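Single-structure report; data block below.
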Amino acid sequence: MYSFGSGVLIGTRTDIANATPINFGLVQEVTIDESANIKELYGQFQRPVAIARGTIKTTGKAKVARISGIAFASLYYGVVPQAGQLATAFGEAGVVPASPFQVTVVNTATYVADLGVLNAATGLPLTKVAAAPATGQYSVSAAGVYTFAAADTTKAMLISYTYTIPTTGQKFTVSNQLLGTTPTFSCVLYTTFQQQAITVSIANATSNKLSFGTKLEDFVMPEFDFSCFADAANNIMTWSFAEAS
(Lines give C-alpha, C1' and ligand atoms only; values in the text may rest on other atoms or scores of the structure.)
Protein backbone atom coordinates (compact mmCIF):
# COMPACT_ATOMS: atom_id res chain seq x y z
CA MET A 1 0.00 0.00 0.00
CA TYR A 2 0.96 3.64 -0.32
CA SER A 3 0.52 6.62 1.96
CA PHE A 4 0.61 10.31 1.11
CA GLY A 5 0.38 13.55 3.04
CA SER A 6 0.81 14.55 6.65
CA GLY A 7 -2.45 13.08 7.93
CA VAL A 8 -4.54 14.11 10.92
CA LEU A 9 -3.32 14.01 14.53
CA ILE A 10 -5.77 14.09 17.44
CA GLY A 11 -4.85 14.02 21.13
CA THR A 12 -7.00 13.21 24.17
CA ARG A 13 -5.90 13.77 27.77
CA THR A 14 -5.55 10.53 29.74
CA ASP A 15 -4.89 12.05 33.16
CA ILE A 16 -8.34 13.64 33.48
CA ALA A 17 -11.82 12.18 33.15
CA ASN A 18 -14.07 12.74 30.12
CA ALA A 19 -11.47 14.72 28.23
CA THR A 20 -12.36 16.33 24.91
CA PRO A 21 -10.30 15.15 21.90
CA ILE A 22 -8.17 17.96 20.44
CA ASN A 23 -7.09 18.21 16.81
CA PHE A 24 -3.47 19.37 16.71
CA GLY A 25 -4.50 21.40 13.65
CA LEU A 26 -3.22 21.41 10.06
CA VAL A 27 -0.30 19.09 10.74
CA GLN A 28 2.52 19.54 8.24
CA GLU A 29 4.49 16.50 9.29
CA VAL A 30 4.41 13.84 11.99
CA THR A 31 7.35 11.62 12.92
CA ILE A 32 7.23 8.59 15.19
CA ASP A 33 10.60 7.14 16.19
CA GLU A 34 11.25 3.76 17.78
CA SER A 35 14.76 3.53 19.22
CA ALA A 36 16.01 0.35 20.91
CA ASN A 37 19.17 -0.28 22.90
CA ILE A 38 21.00 -3.42 21.83
CA LYS A 39 23.74 -5.39 23.55
CA GLU A 40 26.23 -7.37 21.50
CA LEU A 41 28.04 -10.44 22.77
CA TYR A 42 31.55 -10.90 21.40
CA GLY A 43 34.01 -13.77 21.67
CA GLN A 44 37.44 -13.96 20.08
CA PHE A 45 36.06 -13.10 16.62
CA GLN A 46 35.30 -9.74 15.00
CA ARG A 47 31.54 -10.21 14.74
CA PRO A 48 29.08 -10.65 17.61
CA VAL A 49 27.77 -14.14 18.25
CA ALA A 50 24.53 -12.91 19.82
CA ILE A 51 22.58 -9.68 20.03
CA ALA A 52 19.88 -8.88 22.59
CA ARG A 53 17.52 -5.94 22.54
CA GLY A 54 17.02 -4.03 25.76
CA THR A 55 14.89 -0.99 26.44
CA ILE A 56 12.94 0.74 23.66
CA LYS A 57 12.15 4.45 23.53
CA THR A 58 9.18 5.67 21.50
CA THR A 59 9.06 9.37 20.64
CA GLY A 60 7.05 11.55 18.32
CA LYS A 61 7.20 14.99 16.75
CA ALA A 62 4.39 16.97 15.14
CA LYS A 63 4.80 20.18 13.17
CA VAL A 64 1.52 22.05 12.83
CA ALA A 65 0.37 25.13 10.91
CA ARG A 66 -2.73 26.05 12.91
CA ILE A 67 -1.99 27.68 16.24
CA SER A 68 -4.36 26.17 18.82
CA GLY A 69 -4.57 27.69 22.27
CA ILE A 70 -6.52 24.64 23.43
CA ALA A 71 -3.78 22.25 22.28
CA PHE A 72 -1.04 24.37 23.87
CA ALA A 73 -2.91 24.73 27.16
CA SER A 74 -4.25 21.20 27.58
CA LEU A 75 -1.77 18.86 25.92
CA TYR A 76 1.46 20.58 26.96
CA TYR A 77 0.77 22.69 30.05
CA GLY A 78 -2.20 20.74 31.43
CA VAL A 79 -4.31 23.83 32.09
CA VAL A 80 -7.71 25.06 30.92
CA PRO A 81 -7.73 28.19 28.71
CA GLN A 82 -9.99 31.03 29.71
CA ALA A 83 -12.11 33.32 27.55
CA GLY A 84 -10.57 36.62 26.52
CA GLN A 85 -7.19 37.73 25.27
CA LEU A 86 -4.27 40.02 25.93
CA ALA A 87 -4.07 42.18 22.80
CA THR A 88 -1.40 44.56 21.52
CA ALA A 89 -1.87 47.98 19.96
CA PHE A 90 1.30 48.66 17.97
CA GLY A 91 2.05 52.19 16.80
CA GLU A 92 -1.35 53.74 17.58
CA ALA A 93 -1.27 57.26 16.18
CA GLY A 94 -1.81 60.28 18.40
CA VAL A 95 -1.02 64.01 18.21
CA VAL A 96 0.09 65.88 21.33
CA PRO A 97 -2.55 68.58 22.01
CA ALA A 98 -2.18 71.87 23.82
CA SER A 99 -2.32 71.87 27.61
CA PRO A 100 -2.53 69.43 29.36
CA PHE A 101 -0.41 67.80 26.57
CA GLN A 102 -2.06 64.42 27.06
CA VAL A 103 -3.09 61.63 24.66
CA THR A 104 -5.56 59.00 25.89
CA VAL A 105 -5.27 55.68 24.05
CA VAL A 106 -8.26 54.16 22.29
CA ASN A 107 -8.45 51.15 24.63
CA THR A 108 -8.14 53.10 27.85
CA ALA A 109 -10.91 51.10 29.55
CA THR A 110 -8.92 47.85 29.38
CA TYR A 111 -5.37 49.25 29.26
CA VAL A 112 -2.68 46.95 30.75
CA ALA A 113 0.88 48.04 30.07
CA ASP A 114 3.04 50.50 28.12
CA LEU A 115 5.23 49.26 25.25
CA GLY A 116 6.87 52.54 24.33
CA VAL A 117 6.37 55.68 22.24
CA LEU A 118 8.00 56.75 18.96
CA ASN A 119 8.19 60.19 17.39
CA ALA A 120 6.31 59.57 14.12
CA ALA A 121 8.40 62.10 12.18
CA THR A 122 11.86 60.96 13.26
CA GLY A 123 11.22 57.34 14.27
CA LEU A 124 13.16 57.95 17.47
CA PRO A 125 11.89 56.53 20.78
CA LEU A 126 10.88 58.81 23.60
CA THR A 127 12.17 58.22 27.13
CA LYS A 128 9.69 57.23 29.81
CA VAL A 129 9.78 59.18 33.10
CA ALA A 130 7.68 59.05 36.26
CA ALA A 131 6.32 62.61 35.93
CA ALA A 132 6.92 66.10 34.48
CA PRO A 133 8.35 65.01 31.12
CA ALA A 134 10.75 67.25 29.22
CA THR A 135 11.17 67.36 25.45
CA GLY A 136 11.57 63.82 24.11
CA GLN A 137 10.09 62.27 27.24
CA TYR A 138 6.67 61.00 28.32
CA SER A 139 4.86 59.63 31.35
CA VAL A 140 1.82 57.37 31.43
CA SER A 141 -0.95 56.65 33.92
CA ALA A 142 -2.46 53.27 34.80
CA ALA A 143 -5.42 54.13 32.55
CA GLY A 144 -3.30 54.69 29.44
CA VAL A 145 -3.17 58.49 29.52
CA TYR A 146 0.15 59.62 28.03
CA THR A 147 1.56 62.99 29.08
CA PHE A 148 4.18 64.83 26.99
CA ALA A 149 6.24 68.02 27.28
CA ALA A 150 4.78 71.38 26.28
CA ALA A 151 7.53 71.67 23.67
CA ASP A 152 6.19 68.52 21.94
CA THR A 153 2.76 70.06 21.26
CA THR A 154 1.39 69.23 17.75
CA LYS A 155 3.94 66.45 17.27
CA ALA A 156 2.64 63.10 16.00
CA MET A 157 3.39 60.12 18.23
CA LEU A 158 3.13 56.34 17.73
CA ILE A 159 2.07 54.66 20.96
CA SER A 160 2.33 50.93 21.65
CA TYR A 161 0.68 49.14 24.57
CA THR A 162 -1.20 46.04 25.66
CA TYR A 163 -4.85 45.79 26.62
CA THR A 164 -7.43 43.10 27.28
CA ILE A 165 -10.37 41.93 25.17
CA PRO A 166 -12.66 40.02 27.54
CA THR A 167 -15.17 38.63 25.03
CA THR A 168 -13.09 37.01 22.26
CA GLY A 169 -10.08 34.72 21.99
CA GLN A 170 -8.46 32.47 24.57
CA LYS A 171 -5.71 32.93 27.10
CA PHE A 172 -3.95 31.01 29.83
CA THR A 173 -1.20 31.76 32.31
CA VAL A 174 1.77 29.43 32.76
CA SER A 175 2.51 29.04 36.46
CA ASN A 176 5.49 27.51 38.24
CA GLN A 177 4.02 24.11 39.03
CA LEU A 178 5.43 21.47 41.34
CA LEU A 179 7.94 18.95 40.01
CA GLY A 180 6.19 15.83 38.77
CA THR A 181 3.21 17.63 37.25
CA THR A 182 2.81 15.66 34.01
CA PRO A 183 -0.13 16.14 31.64
CA THR A 184 -0.59 12.93 29.63
CA PHE A 185 -2.57 12.16 26.50
CA SER A 186 -3.30 9.47 23.96
CA CYS A 187 -3.15 10.35 20.28
CA VAL A 188 -4.26 8.97 16.94
CA LEU A 189 -2.49 9.62 13.64
CA TYR A 190 -4.60 8.94 10.55
CA THR A 191 -3.57 9.11 6.90
CA THR A 192 -5.39 8.03 3.77
CA PHE A 193 -4.50 7.71 0.08
CA GLN A 194 -6.60 6.10 -2.65
CA GLN A 195 -8.88 4.38 -0.14
CA GLN A 196 -5.85 3.01 1.71
CA ALA A 197 -5.55 4.17 5.30
CA ILE A 198 -2.99 3.94 8.07
CA THR A 199 -4.00 4.55 11.68
CA VAL A 200 -1.49 4.72 14.50
CA SER A 201 -2.99 4.83 17.98
CA ILE A 202 -0.60 5.79 20.79
CA ALA A 203 -1.83 4.75 24.23
CA ASN A 204 -0.05 7.23 26.47
CA ALA A 205 2.30 10.13 25.89
CA THR A 206 3.54 13.34 27.42
CA SER A 207 5.00 16.30 25.59
CA ASN A 208 8.59 17.14 26.49
CA LYS A 209 9.02 20.09 24.12
CA LEU A 210 6.85 22.81 22.60
CA SER A 211 8.53 25.09 20.05
CA PHE A 212 7.04 28.34 18.78
CA GLY A 213 9.20 30.27 16.34
CA THR A 214 8.47 33.12 13.96
CA LYS A 215 10.25 33.71 10.64
CA LEU A 216 10.26 36.53 8.10
CA GLU A 217 8.04 35.77 5.09
CA ASP A 218 6.86 32.43 6.40
CA PHE A 219 4.05 30.92 8.45
CA VAL A 220 4.53 30.07 12.11
CA MET A 221 4.85 26.29 12.53
CA PRO A 222 4.67 25.24 16.20
CA GLU A 223 6.22 21.86 17.00
CA PHE A 224 5.18 19.31 19.63
CA ASP A 225 7.69 16.68 20.76
CA PHE A 226 6.36 13.84 22.89
CA SER A 227 7.50 10.61 24.52
CA CYS A 228 5.29 7.54 24.74
CA PHE A 229 4.79 5.05 27.57
CA ALA A 230 2.53 2.13 28.45
CA ASP A 231 -1.05 2.47 29.63
CA ALA A 232 -2.74 0.41 32.37
CA ALA A 233 -3.09 -2.54 29.97
CA ASN A 234 0.65 -2.36 29.17
CA ASN A 235 -0.04 -1.19 25.62
CA ILE A 236 2.15 1.35 23.84
CA MET A 237 0.61 1.72 20.39
CA THR A 238 -1.49 0.01 17.75
CA TRP A 239 -0.68 0.07 14.03
CA SER A 240 -3.53 -0.48 11.59
CA PHE A 241 -3.20 -0.83 7.81
CA ALA A 242 -6.05 -0.92 5.27
CA GLU A 243 -4.45 -3.48 2.98
CA ALA A 244 -5.02 -7.07 2.00
CA SER A 245 -3.28 -9.68 4.15
Side-chain angles (χ1 to χ4, degrees), residues 1-36 55-83 85 168-175 177 180-215 217-245:
M1 64 177 293
Y2 302 101
S3 184
F4 185 83
S6 58
V8 177
L9 185 65
I10 298 173
T12 306
R13 289 278 294 279
T14 55
D15 58 327
I16 59 176
N18 199 35
T20 301
I22 300 170
N23 192 326
F24 278 67
L26 290 181
V27 291
Q28 301 299 293
E29 57 184 81
V30 179
T31 303
I32 297 173
D33 287 320
E34 291 272 71
S35 178
T55 57
I56 299 176
K57 184 176 182 180
T58 303
T59 59
K61 178 191 292 275
K63 181 181 289 187
V64 301
R66 178 177 292 160
I67 300 169
S68 170
I70 296 176
F72 283 20
S74 183
L75 300 182
Y76 187 82
Y77 293 106
V79 298
V80 178
Q82 305 298 316
Q85 60 178 297
T168 63
Q170 296 175 330
K171 65 180 180 180
F172 60 90
T173 300
V174 179
S175 62
Q177 297 175 312
T181 302
T182 309
T184 61
F185 57 91
S186 63
C187 57
V188 171
L189 172 64
Y190 168 75
T191 66
T192 182
F193 176 67
Q194 296 180 341
Q195 290 76 54
Q196 299 180 101
I198 297 176
T199 299
V200 184
S201 177
I202 296 174
N204 247 339
T206 188
S207 181
N208 58 305
K209 184 178 181 182
L210 170 61
S211 299
F212 184 89
T214 62
K215 185 178 181 180
E217 292 192 1
D218 206 350
F219 292 99
V220 174
M221 300 282 185
E223 291 187 17
F224 287 83
D225 291 9
F226 52 90
S227 294
C228 309
F229 61 103
D231 64 7
N234 207 33
N235 294 319
I236 298 292
M237 72 175 74
T238 300
W239 291 81
S240 177
F241 306 92
E243 63 175 346
S245 58

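Quick caveat, the model's predicted, so the values are computed rather than measured. The figures that follow rest on heavy atoms only: side chains count, while hydrogens, waters and symmetry mates do not.
Using the six-membered ring where Trp is involved, F24 and F226 have ring planes that are tilted, between 30° and 60° apart.
T238 contributes no side-chain N or O that, together with a main-chain N or O of S201, makes up a donor-acceptor pair within less than 3.5 Å. A donor-acceptor distance shorter than 3.5 angstrom exists from the side chain of Q82 to the backbone of V80, with no hydrogens or angles considered.
Taking the side chain as every heavy atom from C-beta outward, L26 and V64 never approach each other to under 4.5 Å. Using a 4.5 Å heavy-atom cutoff, the side chains of V188 and T199 are in contact. Side-chain contact check for K61 versus D33: every heavy-atom pair is 4.5 Å or farther apart. Using a 4.5 Å heavy-atom threshold, the side chains of V200 and W239 count as touching. Here the side chains of Q177 and V79 are in contact, with some heavy-atom distance below 4.5 Å.
Looking at T184 and T14, their side chains do bring a donor and an acceptor atom within 3.5 Å of each other. No side-chain N or O of T182 forms a donor-acceptor pair with one of T206 less than 3.5 Å apart.
For S207, the side-chain hydrogen bond (donor to acceptor under 3.5 Å, both in side chains) criterion is met by no residue, not counting sequence neighbours. A search for side-chain hydrogen bond (donor to acceptor under 3.5 Å, both in side chains) contacts involving N23 returns nothing, not counting sequence neighbours. With sequence neighbours excluded, the residues satisfying side-chain contact (heavy atoms from CB on, under 4.5 Å) with A36 are R53, I56.
Within the structure, side chain to side chain donor-acceptor pair (under 3.5 Å) contacts touching residues 63-81 (residues at least two apart or in different chains) are R13-S74. Judged as a salt bridge (Lys or Arg N to Asp or Glu O under 4.0 Å), not a single pair has a partner in residues 181-192 (not counting sequence neighbours). Screening residues 187-215 for ring pair (Phe, Tyr, Trp, His ring centres under 6.0 Å) gives F4-F193 as the qualifying pairs, with residues at least two apart or on separate chains.
Nearest heavy-atom pair across G7 and V27 is O-CG2, 2.8 Å. Here the closest non-hydrogen pair linking N204 and A230 is ND2-O, 3.6 Å. The minimum heavy-atom distance linking K171 with A83 is given by the pair CE-O, 4.0 Å. Contact detail for G69 and F172: the closest heavy-atom pair is O-CE2, 3.7 Å. The two residues Q28 and A65 come nearest to each other via the heavy atoms NE2-CB, 3.4 Å. Taking every heavy atom of both residues into account, A73 and P81 meet most closely at CB-CD, 3.7 Å.
Within the model, atoms CE of M221 and CD1 of I67 stand 10.0 Å from one another, a figure rounded to the nearest 0.5 Å. Rounding to the nearest 0.5 Å places CG of L189 at 7.5 Å from CD1 of I202. Rounded to the nearest 0.5 angstrom, N208 CG and L210 CG are separated by 10.5 Å. Atom CD of Q196 is separated from atom OG1 of T191 by 10.0 Å, given to the nearest 0.5 angstrom.
In the displayed structure, F241 atom CZ is contacted under 6.0 Å by more than 12 heavy atoms of other residues, nucleotides or ligands. Heavy atoms of other residues, nucleotides or ligands lying less than 6.0 angstrom from CD1 of I10 number more than 12. Atom CG of D218 has more than 12 heavy atoms from other residues, nucleotides or ligands within 6.0 Å.
The residues K209 and E223 are annotated as not salt-bridged, no charged nitrogen and carboxylate oxygen being separated by less than 4.0 angstrom.
Here the options are S227, C228, S35, the test is side-chain contact (heavy atoms from CB on, under 4.5 Å), and the partner is T58; only C228 passes.
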